[in-house]
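Just below is one structure, and these are the notes that go with it.
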Amino acid sequence: MKVSVILTSYNKPDFIDRVLKSMMEQTYPNWELLIMDDGSEPDTINQIKPFLDDKRIQLYPHLVHPVNRLVTVRYATLINEALTHITGELVCYLTDDTVYRKDRLQKMVDVFQSNPHIDIVYSSQRVVHVDQHLIETMTFIREADHLLEHASFQVDHCSVMHRSRLLPLIHEKFGQYWDDDPKHWHHADSVFWMRLNHFATFFPLKDELDTTYKTPQSFHHMFSSMPYDLIDGTVIQREGAYYQIAHKYLHEIDKRWVDEKKRRAVRVPLLCTMKYESKSMLKVPNYTVVTADHGKTFYYIEDQQKRRFASKRDVQYFQFHPKEIYAISNELLQVLDEGKLIQASSAFSPPNRRLFKWKKIVYLLVHDTFCRIDPELVKLFAFDHQPIKLYPSQFPLFQEGKPIVPLYMESLDEFNMSLYQTSGRKHSS
Ligand code: UDP
Ligand code: MG
């Protein structure tokens with residue numbers, strides 16, 4: 001039986017060599033390897049080249065425009081393409097930070113050869129966390145010991161082999177093989193396992209047949225702890241310049257607005273910012289408190305309009321610290337259109353991008369909707385003011401918006417993970 005191995009690769013120059021060696025050392029010889037490279041830099045490609053002398057190995061290079069990187073789950077898109085090229089009766093998947101044990105293919109093929117009724121096999125996996133010097137910091141074993149009817153979030157990308165004959169069934173039922181919708185970046189493998197499970201169960205092999213490495217730069221880890229949309233008003237740093245997210249666009253802002261003491265740039269994986277197109281520079285960033293008359297009147301900039309605070313007390317009430325207030329010129333202030341007054345009492349008219357608390361839950365006011373925000377994200381996005389307590393009459397004044405939670409939580413909710421026994425481990429591809 002021929003095994004088609006699909007390897008997705010993107011800029012892992014320190015790892016790719018050992019991944020490919022682990023294929024060369026396989027005791028089972030009847031395989032083909034499709035290297036789906038996603039536009040890696042030359043240092044990675046140069047590591048791959050020597051292996052192309054082996055006739056069983058094919059490199060499929062790709063050119064990806066940066067703005068397209070997050071349009072789909074890249075590895076799923078690459079796998080879908082590879083699945084149209086494969087010639088094996090069996091298929092398995094490999095990432096560029098995982099190595100197969102040398103008997104990995106042999107052991108799995110043995111199961112298929114002696115059990116015609118088995119369609120999917122998975123094995124135990126060694127998960128090794130390494131630091132930036134590739135030194136091991138933590139290891140655990142993801143055990144394979146059950147027949148799985150729900151393999152999602154239990155089994156990793158690289159621990160599975162299945163018969164190719166399932167593929168047309170999946171395509172027929174779901175209209176594609178792997179679901180490459182970007183909301184599945186973190187777990188497109190799990191979505192595919194769900195599809196596989198529709199037709200067959202996963203048969204366990206107790207042996208630890210692969211080792212996967214998790215590095216601090218791991219894009220998935222950073223990405224999955226972010227919300228799918230970056231919070232409006234977030235400031236990021238890129239190549240020495242600062243930018244603010246405003247309505248799905250990235251606007252450059254002057255360095256003076258990002259003073260360590262006053263406003264922090266948030267560390268965001270570069271790929272998360274790529275879906276935002278760049279637009280012109282903002283004269284004054286949004287969500288900034290300004291005064292042009294030495295603190296007699298204060299304005300809050302929202303959507304490039306100025307909203308006057310009814311009084312200085314309102315500035316304090318909404319938890320703005322004196323050090324967050326910027327002095328600007330009158331000319332600059334005049335350029336901005338006048339927005340709605342900000343006040344706490346009489347008509348409650350709060351500023352956006354502030355934290356509020358209602359019944360012990362913290363909300364962020366975003367475009368006049370209260371969005372529940374996960375405590376991890378409060379920290380990650382550097383909100384350091386106290387949430388403002390809401391009165392019973394205030395909360396119903398605004399609609400509730402989509403909760404702001406890390407992507408991985410959103411996914412767990414979506415799949416109603418309580419249905420499955422997840423053993424409490426956070427899965428990653
Ligand atoms: N990958 C890709 N294109 C990208 C980013 C990642 O093809 O733009 C591939 C990568 O080569 C790997 C898989 O997607 O095979 C998972 O990515 P990674 O291992 O970086 O994520 P991790 O699980 O380590 O967080
Ligand atoms: Mg990985």
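Order of appearance sets the numbers: ligands from 1, and atoms from 1 within every ligand. Computation of the quantities below employed the complete heavy-atom set of this structure, encompassing side-chain atoms and omitting hydrogens, waters and symmetry-equivalent molecules.
- One finds a salt bridge joining E208 and R126 here, because a Lys/Arg side-chain nitrogen approaches an Asp/Glu carboxylate oxygen to under 4.0 Å.
- Residue D97 approaches the Mg ion (ligand 2) most closely through its N/O/S atom OD2.
- Listed by number with element, the atoms of ligand 1 under 4.0 angstrom from any heavy atom of S9 are 11 (O).
- An N or O contact shorter than 3.5 Å links Y10 to ligand 1 by distance.
- Contacts between L78 and ligand 1 below 4.0 angstrom, taking non-hydrogen atoms only, involve the side chain exclusively.
- Under 4.0 Å is where a charged nitrogen must lie from a carboxylate oxygen, and between D54 and R56 at least one such pair does.
- For K12, the closest heavy-atom approach to ligand 1 falls below 4.0 Å.
- Nearest heavy atom pair, residue L380 against residue M226, reads CD2-CE, 3.7 Å.
- Considering backbone and side-chain atoms alike, D38 places an N or O below 3.5 Å from some N or O of ligand 1.
- Annotation for M24 and W31: closest pair SD-CH2, 4.3 Å, computed over non-hydrogen atoms.
- Test F112, F203, Y177, Y93 against H162 for ring pair (Phe, Tyr, Trp, His ring centres under 6.0 Å) and you get one pass: Y93.
- A salt bridge does not link R104 with D207: none of the charged nitrogens is closer than 4.0 Å to a carboxylate oxygen.
- Salt bridge status for E143 with K206: present, with a side-chain N to carboxylate O gap under 4.0 Å.
- If you look at H157 next to ligand 1, there are no close heavy atoms at all, none under 4.0 Å.
- Below 4.0 Å from some heavy atom of K214 lie the following atoms of ligand 1, by number and element: 23 (O).
- Distances from atom 19 (O) of ligand 1 to the heavy atoms of I6, T95, D97 show the closest one on D97.
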